[in-house]
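Residue numbers begin at 1 in each chain, while the letters A, B, ... track the order of the sequences. On a predicted model such as this, the values are computed, not experimentally measured, just so you know.
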2 protein chains.
Amino acid sequence: MPRLITAFSNPIVKQVGKLREKKHRRREGLFIAEGLRILTEARQQGYIPEILFFSADVSHPLLDELVAETEAAGGDVIETNADILHKLSGKDNPQTLLGVYPAFDTSLDRIDRSQAPLWIVAQALRDPGNLGTILRTGDAVGAGGLILVDDCVDPFSVEAVRASMGALFTQRIATCAWDAFLGWLRAGDGSLIGTSLDATQDYQQPRYTAPAFVLVGNEAQGLPAAYEAECDILVKIPMLGKADSLNAAVATAVMAYEVINQWRR
Amino acid sequence: MPRLITAFSNPIVKQVGKLREKKHRRREGLFIAEGLRILTEARQQGYIPEILFFSADVSHPLLDELVAETEAAGGDVIETNADILHKLSGKDNPQTLLGVYPAFDTSLDRIDRSQAPLWIVAQALRDPGNLGTILRTGDAVGAGGLILVDDCVDPFSVEAVRASMGALFTQRIATCAWDAFLGWLRAGDGSLIGTSLDATQDYQQPRYTAPAFVLVGNEAQGLPAAYEAECDILVKIPMLGKADSLNAAVATAVMAYEVINQWRR
């Protein structure tokens, strides 16, 4: 049976509230995901929360199933209210349920490139919304996952999980240094595809082959020149206006859809 | 000569700080843009700030030009510090300069569709980051501007201006109700292109003609069925994974690049 907790001073409320900070996520090995849609996606992928908070004034058959499965798995099911959910999520209009999950192992050797024709690689990505949006796009284009190179924002941040709309649970995620990634990449098949303002080749020109690794750089700086030099294919997305670059998540999507569009023909 | 203001209690600091709220922007008819890159883009488009704040510890020839032009235009140039800029922008790492601009006239009749082959139309868009990112993409694909239909987030919000990376100043912006938009659209040339989960036609199938109006719906609900019914062309972007939709700004970009890619061939 769910237990009722509505006090801000409750230790479990305090503990979960701290998971909005990276250092606490690291220490506890836990992260937060919110909303029926995302938690249902997680469940379909086999992820059951260790702790499930839900608002008492909501009823939905999918929520009942989540509650039952969380209890069956030995998880802690907590009935609460909108004020507590607001405190836990940091959102003005919080979702009516929130799950706490163990963080995934993000070592690079857990990526099996043969499982998908397309992989996305992001370097020094700083915005959690962009990271989540790239995961969501990765799911849409049938990518296997997202490899985070160098110092990227935490994929388990509340904002990244939220922007991923559940794709955090369907995409493999790895974090590593550039040298480690490059060593791993060159130990197998695959072409590294970068976009650059300085490229001479239009992004629709090359014929892309699987496994394709689409590489996106930091929001402000783009890719370092040394990283561009390692790309097998360097292309530019046409920019017809005054600006010289796209949002990182947008550029990733435009590039990834070109790759899969070629394969769909 | 710039005047020095470093007190939070200064009336102009208080006044500009309030512009982060929509009701104050509306009342004052002013909005905030930040950073040398965006303010320089604005200047190139002929927009000079009424008030220019800059941090004393920065020097750049483009800043000198901005200061000179703002003073020449009768604007108020204020030297300040990072604490004040943090307060005004709401950002932990604020830009070193910040301009206050008069809001644009966003009436639909200021849009001249003959000025561009492509226009973006967003309906009930709620996220300021998405709005700004769509403006930035609009600039990149050579769109003429963004028509905001129904109750969209304010394009002059600090977050939207920031995400637009200056495209707020290069793209025309109109706000109107759906019926007004439809009346205006049908009074001239142009096809309305919507994306829908229920569409049977792949987005690469139709041949798009100018002027093309790419319509994107609300982040959570997508387009209302009645709005989809008004589209001349209704297409679906392939979704190869578990999720059934893309981020709104990403979907807009994927669709808009397909349109211009056809025209580039």
Looking at Ala249(B), Gly166(B), Ala253(B), which makes the most heavy-atom pairs under 4.5 Å with chain A? Ala253(B)
What option among Ile260(B), Leu246(B), Ile237(B) has the most heavy-atom pairs under 4.5 Å with chain A? Leu246(B)
Can you tell which part of Met239(B) gets under 4.5 Å to a heavy atom of chain A, answering side chain, backbone, both or neither? both
side-chain contact (heavy atoms from CB on, under 4.5 Å) with Ala103(A): which residues, sequence neighbours excluded? Phe31(A), Phe156(A)
Just give me the residue among Ala251(B), Gly129(B), Pro238(B) that pairs up with chain A most often, heavy atom to heavy atom, under 4.5 Å. Pro238(B)
Produce the donor-acceptor pair table for chain A versus chain B, cut-off under 3.5 Å.
unit_1: Arg37(A); atom_1: NH2; unit_2: Asp244(B); atom_2: OD1; d: 3.2
unit_1: Arg136(A); atom_1: NE; unit_2: Ser245(B); atom_2: O; d: 3.2
unit_1: Arg136(A); atom_1: NH2; unit_2: Ser245(B); atom_2: OG; d: 2.8
unit_1: Arg136(A); atom_1: NH2; unit_2: Leu246(B); atom_2: O; d: 3.1
unit_1: Asp139(A); atom_1: O; unit_2: Gly241(B); atom_2: N; d: 3.2
unit_1: Asp139(A); atom_1: OD1; unit_2: Lys242(B); atom_2: N; d: 3.0
unit_1: Asp139(A); atom_1: OD1; unit_2: Ala243(B); atom_2: N; d: 2.9
unit_1: Asp139(A); atom_1: OD2; unit_2: Lys242(B); atom_2: N; d: 3.2
unit_1: Ala140(A); atom_1: O; unit_2: Leu240(B); atom_2: N; d: 2.6
unit_1: Asp202(A); atom_1: OD1; unit_2: Arg264(B); atom_2: NH2; d: 3.1
unit_1: Asp202(A); atom_1: OD2; unit_2: Arg264(B); atom_2: NH1; d: 2.5
unit_1: Asp202(A); atom_1: OD2; unit_2: Arg264(B); atom_2: NH2; d: 3.3
unit_1: Tyr203(A); atom_1: OH; unit_2: Asn261(B); atom_2: ND2; d: 2.7
unit_1: Gln204(A); atom_1: OE1; unit_2: Arg264(B); atom_2: NH2; d: 3.3
unit_1: Pro238(A); atom_1: O; unit_2: Tyr257(B); atom_2: OH; d: 2.8
unit_1: Leu240(A); atom_1: N; unit_2: Ala140(B); atom_2: O; d: 2.6
unit_1: Gly241(A); atom_1: N; unit_2: Asp139(B); atom_2: O; d: 3.2
unit_1: Lys242(A); atom_1: N; unit_2: Asp139(B); atom_2: OD1; d: 3.0
unit_1: Lys242(A); atom_1: N; unit_2: Asp139(B); atom_2: OD2; d: 3.2
unit_1: Ala243(A); atom_1: N; unit_2: Asp139(B); atom_2: OD1; d: 2.9
unit_1: Asp244(A); atom_1: OD1; unit_2: Arg37(B); atom_2: NH2; d: 3.2
unit_1: Ser245(A); atom_1: O; unit_2: Arg136(B); atom_2: NE; d: 3.2
unit_1: Ser245(A); atom_1: OG; unit_2: Arg136(B); atom_2: NH2; d: 2.8
unit_1: Leu246(A); atom_1: O; unit_2: Arg136(B); atom_2: NH2; d: 3.2
unit_1: Tyr257(A); atom_1: OH; unit_2: Pro238(B); atom_2: O; d: 2.8
unit_1: Asn261(A); atom_1: ND2; unit_2: Tyr203(B); atom_2: OH; d: 2.7
unit_1: Arg264(A); atom_1: NH1; unit_2: Asp202(B); atom_2: OD2; d: 2.5
unit_1: Arg264(A); atom_1: NH2; unit_2: Asp202(B); atom_2: OD1; d: 3.1
unit_1: Arg264(A); atom_1: NH2; unit_2: Asp202(B); atom_2: OD2; d: 3.3
unit_1: Arg264(A); atom_1: NH2; unit_2: Gln204(B); atom_2: OE1; d: 3.3

Ala140(B), Ala163(B), Gly132(B): which one forms the most heavy-atom pairs within less than 4.5 Å of chain A? Ala140(B)
Under 4.5 Å from a heavy atom of chain A, the part of Ala167(B) involved: neither
Which atoms form the tightest heavy-atom contact between Leu240(B) and Gly142(A), and what is the distance? CB-N, 3.8 Å
